[in-house]
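Take a look at the structure set out below.
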Amino acid sequence: MSDNVITEENNSTAPEKTKRSKEDILEIIIAIFLGITALATAWASWIGSLHGGNMSTNYTKSNNLAADGNARWNEASQSLMQDMQVWNLISDYQVEILYASSTGDEDKMSENAYKIKFICCDNLTEKMAEKIGYSFEFEAEEIIDWVMNEPLATTSPFSDEEFVNSYYDDARAVIAESEAILAEGQADNQKGDTFNLVTVIYSVVLFMLGIVGTFRRLPNRFIVTYVAIAGFLFATIYMFTIPFPTGFNFLGYFGG
C-alpha cells in the first residue's frame, strides 16, 4: 500500500519538475532578450539622432551655399552686363576707325584707337581681352591694325553661348554643391526615419517580452516569446542594412 502511494507521488512531481524546468529556461531567455533589446533600442535611437544631426547640418550648409550661389549668380549677371556695355563702346569706336580708314582720315583713326586703349585699360577683363584677341600692351597703331586685320576684334564675344555661360560657371559650381549637400541631408533624414522605425519595432518586442508572464499556459508563453525573438531578429538585420552616419567613429567618442 505504501509503495503505491510513493509511486503516485513520484509520478505527479516529475511533470511538475519538467514544467518548472521549462519555465526557468523561458525566464532566462526572456531576461536575456529584454536586456539585449533594451541595448539595441538605445543604440538605434542614438544612431537615428546622429543621422538627424547630420541632416540639420547638411540642410544648414546647403542653405548657406545656395545663398552664396545666388549671390555669385547675380554678380555674374552684373559682370556680363558691364562687359556688354564695354563691348558696345569698343564696337562704336571700331566703326569710327573703319569709317575713318575708308576716308583716309588718319587723325580720326588714331583718336578712336586711343579711346579704345583707355576704355580697355580701365574696364576690359582679361577673359574678354583674350576672347577678342586684344592685348593691354597695344599702342594706337597696333590697335588700328587689330581692328583692321583681326577677325576676333569685330566679332562679338557674346555671340558665343559657351563664353556667355562661362560667366556663371562659379555660381553653378556652388549651386551644384548646395544641391549635393541637400541630397545628403535628405538621405540622412530618410536613414534617421528608418532607425526610428527600428526603434518602434524594438519597443514592440519589449512589450511582448514584458507580457509573457501574464499567460498561464506555457505553450502560449513560448509562442509569444518566439514571435518577440523573430521581431528582434528582423529589426536587427534590417538595422544593419542601414549605413552609419557620415564620419561615424565609435572610438572617437572615447578619445580614440
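This one's a predicted model, so the numbers in the text were calculated from it and none came from an experiment.
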Could you tell me which non-hydrogen atom of [X] sits nearest to which non-hydrogen atom of [Y], and how far apart they are?
X	Y	answer
Pro157	Met128	CG-CE, 4.0 Å
Tyr168	Val164	CD1-O, 3.7 Å
Glu23	Leu218	CG-CD1, 3.7 Å
Ile181	Asn58	CG2-O, 3.2 Å
Pro243	His51	O-NE2, 3.1 Å
Cys120	Ile90	SG-CD1, 3.6 Å

Do [X] and [Y] land in one hydrophobic cluster if side-chain heavy atoms of ILVMFWY residues count as linked below 4.5 Å?
X	Y	answer
Ile211	Val204	yes
Val147	Tyr114	no
Ile28	Tyr226	yes
Leu39	Leu209	no
Trp46	Phe240	yes

Subject >> Between Ser77 and Tyr167, a side-chain donor and acceptor under 3.5 Å >> reply: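 Side-chain D/A pair, Ser77 to Tyr167: absent.
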**OP:** Check the pair Leu124 / Trp87 against side-chain contact (heavy atoms from CB on, under 4.5 Å), numbers first and verdict last.
**Re:** CA-CA 8 Å; Leu124 191 66; Trp87 172 251; over 6 Å; no
Treating [X] as the side-chain partner and [Y] as the backbone partner, does any N or O pair qualify as donor plus acceptor under 3.5 Å?
X	Y	result
Arg72	Ile175	no
Ser101	Ile97	no
Ser178	Val174	no
Lys117	Phe138	yes
Asn70	Ala66	yes
Asp68	Asn64	no

Original post:
Is the number of heavy atoms from other residues, nucleotides or ligands within 6.0 Å of CE (Met81) greater than 12?
Top reply: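 Not buried by this count: 12 neighbours or fewer within 6.0 Å.
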Subject >> Over 12 foreign heavy atoms within 6.0 Å of CD, Glu106 >> reply: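 Open.
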Just verifying a value: how many Å separate [X] [atom1] and [Y] [atom2], rounded to the nearest 0.5 Å?
X	Y	atom1	atom2	answer
Thr214	Arg221	OG1	CZ	8.5 Å
Phe244	Ile47	CZ	CD1	5.5 Å
Glu150	Ile143	CD	CD1	13.5 Å
Asp188	Asp193	CG	CG	11.0 Å
Glu139	Ser110	CD	OG	11.5 Å
Glu141	Met109	CD	CE	10.0 Å

**OP:** Identify whether the distance between the nearest side-chain nitrogen and carboxylate oxygen of Lys127 and Asp83 falls below 4.0 Å.
**Re:**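 No.
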Quick one: are [X] and [Y] in side-chain contact, heavy atoms under 4.5 Å?
X	Y	result
Tyr93	Ile119	yes
Met148	Leu98	yes
Leu34	Ile30	yes
Lys131	Phe158	no
Phe195	Leu50	no
Ile229	Ile29	yes
Asn165	Arg172	yes

Subject >> side-chain contact (heavy atoms from CB on, under 4.5 Å) between Tyr59 and Gln186, intermediate numbers included >> reply: CA-CA 8 Å; Tyr59 279 172; Gln186 291 172 338; 3.6 Å; yes
Subject >> Test side-chain contact (heavy atoms from CB on, under 4.5 Å) applied to Glu177 and Lys61, step by step >> reply: CA-CA 10 Å; Glu177 184 181 359; Lys61 287 182 180 179; over 6 Å; no
**OP:** Please lay out, stage by stage, how Ile132 and Thr155 fare under the test side-chain contact (heavy atoms from CB on, under 4.5 Å).
**Re:** CA-CA 7 Å; Ile132 63 178; Thr155 302; over 6 Å; no
Original post:
How are the rings of Phe232 and Tyr202 set relative to one another: parallel (under 30°), tilted (30 to 60°) or perpendicular (over 60°)?
Top reply: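 The arrangement is tilted - the two ring planes meet at 30° to 60°.
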Original post:
What class does the angle between the rings of Trp146 and Tyr134 fall in, given that below 30° is parallel, 30 to 60° is tilted and above 60° is perpendicular?
Top reply: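 Correct class here is perpendicular.
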Original post:
For the side chain to side chain contact (heavy atoms under 4.5 Å, CB included) test, which of Val198, Val205, Ile201 pairs with Phe234?
Top reply: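 Single side chain to side chain contact (heavy atoms under 4.5 Å, CB included) partner of Phe234 among Val198, Val205, Ile201: Ile201.
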